[in-house]
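For this chain, numbers begin at 1 and follow the sequence in order.
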Amino acid sequence: MRHLRLNRAARTSALGTAALIAALSLTACQDGGQAAADASVATPGTSDTQPSADAGAPAPRAGGAAGSDSGEDSAPDTGQASGSSSGSATGPTKADPAAATRQDGGKDTGPVTRACDGGNSKVTLTPVPRPLNHMLLTVTNTGSTACNAYYYPFLRFGEAQSTPPVIEESKPQAVVTVLPGESAYAGVMTSSADGSGTGGYSTRKAVVHFQGRDGSGSTGPSANAPLSKAVYVDSTLAVTYWQTDMDDSLMY
């Protein structure tokens, strides 16, 4: 009886050992299969690495937009307005250097060198209320082209043998150019306001002579300046340079 129990125990132990060995064998098989599967996957950084599916896709453009399917790239943005053929900014246009000499409706006649004189101009000499004992001499261009009123007028009253001096402080910055139909001006102080002048006389005759470009004397025809009434002049008689503005000519 005891011998039978020992045989049964030995058989049970043998069966348990066999079951354990079978379980271990199955686990080893499973581990070997997983290792084989893992071995088939290359490690990162080796030459066997496969490109990702997106490796050949065009890189996104600025702003995230991808390239077109046609493969054509749009022109880069240069910041220039469309339609420009030069491709560069020109900046502000420079002033036309001949603009100052254009006459006759914009026609460029070149630099003005002709002097105003009695042949292309008319003159008037009129009294003014202020300053006292002053008159305004006006020369108007009656020709078809511009002329220059050079320096100051040579003005003779009556039978005077000399012309009055010029007031140097009245000299303008540039020669006064007179366009057709326009005028230039000169102020005339006929006598002193305080009566300090000498050799005074009255006259109703005045003649204007014009200076040339070189300032060496009178040029061209003179012009009569008709007077509506007699004018009194004395030794303080003086004139200004020709001015473009009437008020400027009466400041002295």
Could you go through the side chain to side chain contact (heavy atoms under 4.5 Å, CB included) check for Lys205 and Glu159 one step at a time? CA-CA 8 Å; Lys205 180 181 179 181; Glu159 302 301 325; 3.8 Å; yes
Run the side-chain hydrogen bond (donor to acceptor under 3.5 Å, both in side chains) check on Thr142 and Ser121 step by step: do they pass? CA-CA 5 Å; Thr142 58; Ser121 307; 5.5 Å; no
Evaluate the side chain to side chain contact (heavy atoms under 4.5 Å, CB included) criterion for residues Lys122 and Val139: first the C-alpha distance (whole Å), next the side-chain angles of each, then the deciding distance (0.1 Å), finally the verdict. CA-CA 6 Å; Lys122 74 173 183 178; Val139 57; over 6 Å; no
Is it the case that Asn148 and Thr177 place a side-chain donor and acceptor less than 3.5 Å from each other? yes
Taking side-chain hydrogen bond (donor to acceptor under 3.5 Å, both in side chains) as the test, write out the residues that go with Asp214, two or more places apart. Ser216
Interatomic spacing from CE in Met135 to OG1 in Thr124 - rounded to 0.5 Å: 9.5 Å
Polar side-chain atom of Arg204 near backbone of Ser228 as donor-acceptor pair, under 3.5 Å: yes
Any idea which heavy atoms bring Tyr151 and Gly212 closest together, and the distance? CE1-O, 3.3 Å
So, taking the atom named CG in Leu125 and the one named OG1 in Thr138, what distance separates them when rounded to the nearest 0.5 Å? 8.5 Å
Is a donor on one side and an acceptor on the other found under 3.5 Å between the side chain of Asp117 and the backbone of Asn120? yes
If the test is side chain to side chain contact (heavy atoms under 4.5 Å, CB included), which one of Thr240, Val188, Val128 qualifies with Leu250? Val128
Summary of disulfide bond (SG atoms under 2.5 Å apart) pairs that have at least one residue in residues 122-171, sequence neighbours excluded: Cys116-Cys147
Quick one: side-chain hydrogen bond (donor to acceptor under 3.5 Å, both in side chains) partners of Thr140, sequence neighbours excluded? Ser183
Between atom OG of Ser249 and atom CH2 of Trp242, what is the distance when rounded to the nearest 0.5 Å? 9.5 Å
Is the backbone of Gln161 close enough, under 3.5 Å, to the side chain of Arg156 for a donor and an acceptor to pair up by distance? yes
Quick one: does any side-chain atom of Gln243 pair with a main-chain N or O of Ala184 as donor and acceptor, under 3.5 Å? no
Considering only heavy atoms from C-beta outward, does the side chain of Asp248 approach that of Tyr185 to under 4.5 Å? no
State, to 0.1 Å, how close Gly158 and Thr203 come at their nearest heavy-atom pair, and which atoms those are. CA-OG1, 3.3 Å
With no hydrogens and no angle check, is any side-chain donor or acceptor of Thr236 less than 3.5 Å from a backbone partner on Ser192? yes
Hey, could you give me the OH/CD distance between Tyr152 and Gln211, rounded to the nearest 0.5 Å? 5.0 Å
In short, Gly217 meets Phe154 closest at the heavy-atom pair C-CE1, 3.8 Å
Of Asp234, Thr190, Val233, Leu237, the one forming a side chain to side chain contact (heavy atoms under 4.5 Å, CB included) with Asn133 is Thr190
Are side-chain heavy atoms of Val239 and Tyr252 found at a separation under 4.5 Å? no
Distance check, rounded to the nearest 0.5 Å: Met246 atom CE versus Leu137 atom CG? 11.5 Å
Where the side chain of Ser222 meets the backbone of His209, is there a donor-acceptor pair that is under 3.5 Å apart? no
Could you work out, with side-chain hydrogen bond (donor to acceptor under 3.5 Å, both in side chains) as the rule, every residue matching Ser162, not counting sequence neighbours? none
For the residue pair Gly118 and Phe210, what are the closest heavy atoms and their distance? N-CE1, 3.5 Å
d(Phe157 CZ, Tyr201 OH) to nearest 0.5 Å is 7.5 Å
Looking at Ala230 and Ser202, what are the two nearest heavy atoms and their distance? CB-CB, 4.4 Å
Test of understanding: clusters of I, L, V, M, F, W, Y form through side-chain heavy atoms closer than 4.5 Å, transitively. Do Val178 and Val175 belong to the same one? yes
How would you list all residue pairs meeting disulfide bond (SG atoms under 2.5 Å apart) that involve residues 214-252, not counting sequence neighbours? none
Would you mind writing out the side-chain donor-acceptor pairs for residues 163-173 within the sub-3.5 Å range, not counting sequence neighbours?
| from | atom 1 | to | atom 2 | distance (Å) |
| --- | --- | --- | --- | --- |
| Glu168 | OE1 | Tyr241 | OH | 3.1 |
| Ser170 | OG | Ile167 | O | 2.6 |
| Ser170 | OG | Tyr241 | N | 3.0 |

Which heavy-atom pair separates Leu132 from Arg130 by the least distance, and what is that distance? CD2-NH1, 3.7 Å
